[in-house]
Amino acid sequence: MGGPDRKRKINLDGNGDGDLSRKHQDALHARRSSEINPWTGRAYSQRYQSILQTRLQLPVYQFQSQLLEAVASNQTVVVEGETGSGKTTQIPQFLVEVGYAMPGKSCVACTQPRRVAATSIAARVAEEMDVTLGKTVGYTIRFEDVSDPNETVLKFLTDGMLLREAMNDPLLSRYSVIVLDEAHERTLATDVLMGLLMEVLPDRTRGSKYGELKVVVMSATLDAEKFRSYFNGAPLLKVPGRTYPVEVFYTAEPERNYVEAAVRTAIQIHKCEGPGDILVFLTGEQEIEQACEEIRLGAQDMGHDAPELVVYPLYSSLPPAQQKKIFTAAPGPRVVGGPPGRKVVVSTNIAETSLTIDGIVYVIDPGFSKQKVYNPRIRVESLLVSPISRASARQRSGRAGRTRPGKCFRLYTEQSFYNDLQETSYPEILRSKMSNVVLTLKKLGIDDLVHFDFMDPPAPETLMRALEVLNYLGALDDEGDMTDLGRQMAELPLDPQLSKMLICSPEYNCSEEIVSIVAAMSVPQIFLRPRENAKAADEAKAQFVDATSDHITLLNAYATYEGIPTSERKQWCWDNFINDRSISSAESVKKQLKGIMTRLDIPLVTCKGGNGRYDTNAIRMALTSAMYMQVAHLQRQGSYLTVKDNQIVYIHPSSSVDGKPQWVLFEEFALTSKNYIRTVTTTRGEWLVEMAPHYFDLDNFPECEAKDELILEYKKKMRRG
DNA sequence: GAGCACTGC
């Protein structure tokens with residue numbers, strides 16, 4: 001890939017292909033001046049006309065003809081647009097209005113990293129175009145397809161969803177334009193899509209079987225230059241935004257305790273600064289709840305003469321009702337004519353991109369967030385509190401200037417901002433395990449991973465690990481080619497280990513149970529444990545506990561939930577400290593997985609006996625058959641040692657596994673006060689040597705207690721024959 | 001005997 005033949009002509013001055021775009025412009029004017037909406041054949045509504053007036057005020061309108069000309073004469077165009085430019089809602093419309101899409105024939109796609117964005121933008125654009133949502137304009141997200149293959153000309157979808165579609169249609173044949181929005185966020189799916197587009201574009205030129213494919217990459221930051229050079233010098237269009245200036249302050253000295261410093265700053269702002277709400281960025285639930293408490297206490301100390309201060313926590317696991325509270329207006333003055341009250345929102349990164357709160361004038365940024373990191377040596381992802389990037393810091397301060405000029409207090413020195421912080425965060429693809437990505441790429445027909453054009457190529461060791469894991473699981477053969485099993489695994493929206501587990505579960509007669517477990521594992525934490533009700537929550541969980549397995553404990557809770565009548569479920573969840581949002585999305589996942597299982601001819605069988613009890617051995621064997629690469633062995637000192645990479649780990653205190661079994665398999669690593677393994681199931685050496693002799697190959701095994709144990713197991717196996 | 005940033009299929 002690459003090379004001079006892929007360079008595209010840059011043309012922004014109206015020469016050459018500009019004629020094409022002028023034709024487009026004429027078409028556009030004809031449509032606008034008509035009274036009839038060409039998409040519906042009906043007259044435009046009054047509402048359409050009034051919305052149109054506001055749309056015409058958006059900065060992006062100044063760039064309409066430039067953009068259309070650039071798209072007409074180039075296959076790829078990069079747009080750098082700040083918040084408030086209107087690029088997300090207008091640019092896709094410009095493209096369909098000038099005829100890039102034809103009902104039933106071709107479609108313009110616009111990708112978003114998040115579901116809410118895809119659905120809400122689609123609804124907004126349908127309104128702006130005066131058409132029915134789900135017809136001319138639609139959206140597709142997991143579990144929900146509101147689009148019509150015969151009518152939809154503009155479709156908003158999550159980047160992950162487009163990647164799924166590509167797996168069955170690698171040339172993206174139904175699309176004439178793909179707009180990749182929020183590309184600067186560099187989600188795993190966006191990065192894979194960009195690499196795929198690099199492969200596909202040469203096969204989708206004018207005159208090719210499915211016609212020319214255009215790509216518009218939209219980014220909010222200075223990173224645009226990087227996108228431009230990645231796409232072989234595609235033209236770059238800069239669209240200004242509409243935001244207010246934000247004054248930035250730094251501390252003179254580094255802060256030792258950023259939570260305490262953030263609390264102090266919030267109180268200080270309340271005392272000394274003019275009206276306006278405060279947004280504080282912290283890293284997690286614990287910190288946030290603590291800070292909220294301390295800010296409330298600090299405000300109390302100011303006495304009743306000071307204006308009122310209300311404090312709201314914000315993080316994703318907070319119930320939606322509590323999340324919504326952040327949008328309530330700040331309290332008014334305590335006395336008529338007095339200074340107004342103030343609102344403080346203490347939030348995780350969720351307020352950096354996913355959620356926008358109006359009225360924020362002050363931002364407090366300690367400069368940290370929790371980030372996923374991947375360690376290829378021990379093959380696990382974990383969360384670590386890490387310094388943010390300068391791009392993130394700018395994004396955070398920008399949150400203060402959405403409604404009027406604001407102030408941002410960075411709790412680190414200016415020198416630190418320029419010298420210690422990285423310009424941009426590592427994209428997700430450099431912080432994740434690659435086994436699923438590699439399987440996806442193979443399914444997309446990309447065989448040469450080494451030369452695949454990633455914008456930021458993952459470390460070779462990470463790719464090697466992924467290939468190795470997929471080979472152990474039987475998804476790739478020794479030549480690295482996809483097996484039938486691998487093709488089946490790629491169909492499932494799961495991590496390869498879980499896919500393999502599900503596909504093999506009928507052999508252990510428990511696919512019904514495994515599909516529930518897998519669904520419950522793919523959603524956020526189902527068991528709640530609020531600090532103030534910890535004991536009651538533990539008691540509630542105790543009724544589901546299986547002393548050999550957290551996975552079976554999860555199954556017990558999920559299966560009980562399924563048996564509760566729908567109308568009583570919410571109450572039941574509340575009474576039993578179960579996260580109802582989580583468990584009900586587990587139900588959607590299970591439904592989706594069962595649909596795919598039917599399609600793949602994977603039988604649904606249960607290990608539940610006549611007595612209503614599960615054959616828990618069967619379930620644990622099915623778990624072992626796919627999870628044998630994440631196994632730890634008990635040491636004499638009472639800790640565990642992970643097999644092969646010899647990490648000292650401890651079973652997490654929340655585990656229901658009892659009595660320190662000799663062998664355990666585990667789902668995840670949590671590096672907190674100790675190296676904990678979480679979601680644990682007891683397994684047996686006998687099963688390991690039986691199911692995975694290729695992995696537990698003693699010739700390549702470090703000397704340890706586990707090895708001695710395995711030698712005994714192999715001897716027993718020999719005797720059994 | 002302790003604490004899951006955020007998405008997505």
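Within every chain, numbering begins at 1; the chains are lettered A, B, ... in the order of the sequence lines, protein sequences first and strands thereafter. Computed over heavy atoms, backbone and side chain alike; hydrogens, waters and symmetry mates excluded.
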Whole-Å distance, A/Lys590 NZ to B/dC9 P, equals 21 Å
Where does the angle between the aromatic ring planes of A/Phe417 and A/Tyr412 fall among parallel (under 30°), tilted (30 to 60°) and perpendicular (over 60°)? parallel
Taking the minimum atom-to-atom distance to the side chain of A/Ser316, which one of B/dC9, B/dC6, B/dG1 wins? B/dC6
What contact category does A/Ser369 fall into here, base, sugar-phosphate, or nothing, at under 4.0 angstrom with non-hydrogen atoms? nothing
Mutual orientation of the aromatic rings belonging to A/Phe454 and A/Phe452 [parallel < 30°, tilted 30-60°, perpendicular > 60°]: perpendicular
Checking B/dG1, B/dG3, B/dC6 against the side chain of A/His652 (C-beta onward), the nearest is B/dG3
note: A/Gln290, atom CD; B/dA2, atom P; distance rounded to Å ~ 17 Å
In this structure, how many angstroms lie between the P atom of B/dG3 and the CD atom of A/Glu289, rounded? 16 Å
Quick one: do the A/Thr190 and A/Glu185 side chains pair a donor with an acceptor below 3.5 Å? no
Nearest whole angstrom, please: distance from the P of B/dG1 to the CG of A/Asn675. 17 Å
A/Arg529 CZ - B/dG3 P separation (whole Å): 11 Å
Just checking A/Gln286: base, sugar-phosphate only, or nothing, at a heavy-atom cut-off of under 4.0 Å? base
With A/Thr265 via side chain to side chain donor-acceptor pair (under 3.5 Å) - residues at least two apart: none
Quick note, A/Thr158 side chain, CB onward, closest among B/dA2, B/dA5, B/dC9 is B/dC9
Does A/Lys155 have any salt bridge (Lys or Arg N to Asp or Glu O under 4.0 Å) partners at least two apart in sequence or in another chain, and if so, which? A/Glu165
Measure from CD on A/Glu428 to C1' on B/dC9 and round the result to the nearest Å. 12 Å
How do A/Asp495 and A/Glu285 order along DNA chain B: which one's closest nucleotide is nearer the 5' end? A/Glu285
Check the distance between B/dA5's C1' and A/Arg431's CZ and give it to me in whole angstrom. 10 Å
Nearest-nucleotide wise, let me know which of A/Gly284 and A/Ser522 is further upstream toward the 5' end of DNA chain B. A/Gly284
Touch check for A/Glu668, heavy atoms < 4.0 angstrom, all strands: base, sugar-phosphate only, or nothing? nothing
Using a 4.0 Å heavy-atom cut-off, does A/Arg114 contact any base of the nucleic acid, only the sugar-phosphate backbone, or nothing at all? sugar-phosphate
Please classify the nucleic acid contact of A/Ile141 as base, sugar-phosphate, or nothing, using heavy-atom distances under 4.0 Å. sugar-phosphate
Check the distance between B/dA2's C1' and A/Asp538's CG and give it to me in whole angstrom. 10 Å
Using a cut-off of 4.0 Å on non-hydrogen atoms, how would the nucleic acid contact of A/Lys674 be classed: base, sugar-phosphate, or nothing? nothing
Taking only side-chain nitrogens and oxygens of A/Ser654, does any of them come within less than 4.0 Å of OP1 or OP2 of B/dG3? no
NA contact type, A/Arg678, heavy-atom cut-off 4.0 Å: base, sugar-phosphate, or nothing? sugar-phosphate
Could you tell me whether A/Thr348 contacts a base, only the sugar-phosphate backbone, or nothing, with contacts defined as non-hydrogen atoms closer than 4.0 Å? sugar-phosphate
Per atom distances to the A/Ile350 side chain, the nearest of B/dA2, B/dC9, B/dC6 is B/dC6
Under-4.0 Å salt bridge between A/Lys370 and A/Glu287: no
